[in-house]
Amino acid sequence: MDPTYPLFPIFAFLGFIVVLIPLPWHLQAWNSGTCAFMIWTAVQCLIAFINCVIWYGSVENFAPVWCDISAQLLLASGIGIPASVLCISRRLHCITCLKTVSVTRRDKRRAVLIDLGIAIGIPILVLVLHTIVHPHRFNIVEDIGCQPVTYNTLPAFFLYYMWPPLLGCVSFVYSGLTLRSFFMRRAQFTSILSTTAAMNLNRYLRLMVLALADMCCTVPLGIYIMYIATHGIPLAPWISWEDTHFDFGRVELVPAFLWRNEKAYAITLELSRWLGPFCAFMFFGLFGFASEAKKHYKLAYTWTLKKIGYKSKPTAAKFALPS
């Protein structure tokens, strides 16, 4: 039995909800990289929640179409989250360096298209490349659910495994340049942010903390997962497309007593599935209690009261007697 059940599905479902709470006002501000981060994280949390509930104590293949789709989305979200952080780091660097602060609608549209090319285009590209080292449809892991499969061969490192650390390294460079420009141009920084309604100092600093935290986690975590997922497994030679994809339609069923006894495989699975809720709660901790968030909570509360027919009483002004 899964010792984290029902704790994990509760955290995964709550992560799916809380990470989407700030989405409306970030959409209004055209913060496409931040929106992509929220959506990819929500996708990962939702899939992890559904899989954990459905396949708790079971390895039956009773939803093959769902597994085909969810396994590919898990692969894409694993690339999409660091790609979205790269968009955030790049945007912060552009603002600090006075290069591409969006002012006109055309500038904003161009910035959004670049972000979408990174946050969505790169995951799609990696999914296409991953088909080369995709040996069979998917695995069903007891208590975890549907999982994607990667053939442990040398091309897999260049086609799939290298992408999260690579994106993390590029974000690391952008964040380092941003910090350098920030400290060099402190006097101009407030006036820089005042040129765009999509960004203010508080939001900028929160995005910087998010980028730095993800930057510090993505590179070492990506390298560690790459190592632990292949440690002890002999590197298979790449022979041909036909050899790699032989009997592609098969589905491997992995009972809990098998994968829990394989320490490296268990660590990889647990790290991968807890990553989504961790990112969700980290994001909500940074943006869910900001002043703009509280303003939207108040508006939503007022709207709900009006819908149920309750009218709040106006508060009387308080006057202090002269002493």
Side-chain angles (χ1 to χ4, degrees), residues 36-37 39-41 43-44 47-48 51 67-87 117-141 144-172 214-215 217-252 254 259 262 264-276 279:
F37 181 91
I39 292 171
W40 281 124
T41 303
V43 166
Q44 197 169 93
I47 292 175
N51 283 350
C67 284
D68 283 327
I69 297 172
S70 62
Q72 295 304 304
L73 286 176
L74 286 175
L75 280 174
S77 63
I79 307 298
I81 291 176
S84 302
V85 174
L86 173 57
C87 294
I118 297 173
I120 298 179
I122 291 179
I124 291 176
L125 172 64
V126 175
L127 284 182
V128 174
L129 295 175
H130 184 264
T131 59
I132 300 174
V133 290
H134 189 186
H136 57 271
R137 287 179 69 180
F138 51 83
N139 290 345
I140 295 181
V141 182
I144 303 291
C146 312
Q147 291 294 305
V149 188
T150 303
Y151 186 43
N152 189 34
T153 184
L154 183 60
F157 288 86
F158 302 98
L159 299 175
Y160 175 68
Y161 285 123
M162 76 167 188
W163 283 96
L166 177 62
L167 293 170
C169 287
V170 178
S171 298
F172 188 93
D214 195 90
M215 176 188 69
C217 295
T218 299
V219 177
L221 187 60
I223 294 174
Y224 179 72
I225 289 179
M226 185 194 312
Y227 165 76
I228 202 75
T230 57
H231 180 65
I233 303 175
L235 192 67
W238 170 265
I239 299 175
S240 66
W241 174 277
E242 290 76 16
D243 177 74
T244 302
H245 297 84
F246 177 75
D247 193 17
F248 181 80
R250 75 183 186 277
V251 175
E252 293 190 1
V254 186
W259 70 264
E262 292 288 338
Y265 188 47
I267 291 174
T268 304
L269 287 174
E270 293 293 353
L271 281 177
S272 299
R273 72 168 181 162
W274 279 98
L275 179 63
C279 290

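From a predicted model like this one, the values you see are computed outputs, not experimental measurements.
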About how many Å separate CD1 of Ile144 and CG of Leu269, when rounded to the nearest 0.5 Å?
5.5 Å
Do the non-hydrogen side-chain atoms of Leu235 and Asn152 ever get within less than 4.5 Å of each other?
yes
Residues which pass disulfide bond (SG atoms under 2.5 Å apart) with Cys87, listed by chain and number, not counting sequence neighbours
none
Scanning both residues in full, the closest heavy-atom pair of Ala156 with Thr150 reads CB-CG2, 3.9 Å
Looking only at heavy atoms, what is the nearest atom pair of Gln44 and Ser77, with distance?
NE2-OG, 2.9 Å
Between Pro123 and Ala76, which heavy-atom pair has the shortest distance, and what is it?
CB-O, 3.7 Å
Mind checking the NE2-OH spacing from His130 to Tyr161? Nearest 0.5 Å is all I need.
7.0 Å
Are Phe248 and His134 close enough, and set up right, to give a ring pair (Phe, Tyr, Trp, His ring centres under 6.0 Å), and what steps lead you there?
CA-CA 8 Å; Phe248 181 80; His134 189 186; 5.1 Å; yes
Euclidean distance, Ile120 CD1 relative to Trp40 CH2, rounded to 0.5 Å:
6.5 Å
Just so I know, are the side chains of Cys279 and Phe37 near enough to count as touching, which here means a heavy-atom distance under 4.5 Å?
yes
About how many Å separate OH of Tyr160 and CG of Leu127, when rounded to the nearest 0.5 Å?
9.0 Å
Whether Thr244 side chain and Trp241 backbone form a donor-acceptor pair below 3.5 Å
no
Smallest heavy-atom separation, Val170 atom then Leu86 atom, equals CG1-CD1, 3.4 Å
